[in-house]
Amino acid sequence: NQSAWRSACGEFYVDYLQELYETCINLGESGLVEALKVGKLVEETDIGTLTESIESMDMPDDIIRTYEILREGSYNHLESYEAAIARELS
């Protein structure tokens, strides 16, 4: 099943996605705390993208609400990553 964004697992057509993927994989492989930081980065990126979409796009209310729910989930995940990082560093 081909995608417009990637050709195979770990191979992306869009340069910035390929770079982000490789950075995340390399950091995550270096240890638990770094892997948790990658998870934190992913959630922060998702929150930013969802917020930008909510604020800048003209979408139906049900789509906006769906994005808001997804963003709330990302905030919850972000808190979990931050707590896990703090535990590992203490």
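One is the number of the first residue; the rest follow in order along the sequence.
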Side chain Gln18, main chain Gly10, donor-acceptor under 3.5 Å: yes
Listing, residues 81-90 side-chain donor-acceptor contacts under 3.5 Å, not counting sequence neighbours, or none:
unit_1, atom_1, unit_2, atom_2, d
Ser90, OG, Ala86, O, 3.4
Ser90, OG, Arg87, O, 3.0

Atom CG of Asp61 with >12 non-hydrogen neighbours under 6.0 angstrom: no
Residue pairs passing the ring pair (Phe, Tyr, Trp, His ring centres under 6.0 Å) test where at least one lies in residues 39-62, sequence neighbours excluded: none
Side-chain polar contacts of residues 23-32 - donor-acceptor pairs under 3.5 angstrom, sequence neighbours left out - could you list them?
unit_1, atom_1, unit_2, atom_2, d
Thr23, OG1, Glu19, O, 2.9
Asn26, ND2, Glu22, O, 3.1
Ser30, OG, Leu27, O, 2.6

Any residue meeting salt bridge (charged side-chain N to carboxylate O under 4.0 Å, His left out) with Glu44, in chain and number order, not counting sequence neighbours: Lys40
Scan the side chains in residues 51-60 for donor-acceptor partners under 3.5 Å anywhere in the protein, sequence neighbours excluded, and list what turns up.
unit_1, atom_1, unit_2, atom_2, d
Thr51, OG1, Ile47, O, 2.8
Thr51, OG1, Arg71, NH1, 3.1
Ser53, OG, Thr49, O, 3.0
Ser56, OG, Glu52, O, 2.6

Value rounded to 0.5 Å, distance of CG in Leu36 from OG in Ser80: 10.5 Å
Hydrophobic cluster membership, Ile64 vs Leu70, 4.5 Å side-chain cutoff: yes
Exercise: identify the closest heavy-atom pair between Asp62 and Thr66: O-OG1, 2.8 Å
Validation row: Val38, Glu34 side chains within 4.5 angstrom (heavy atoms): no
Any pair counted as ring pair (Phe, Tyr, Trp, His ring centres under 6.0 Å), so long as it reaches residues 21-78, sequence neighbours left out: Phe12-Tyr21
Leu78 side, atom CG; Asp46 side, atom CG - distance, nearest 0.5 Å: 10.5 Å
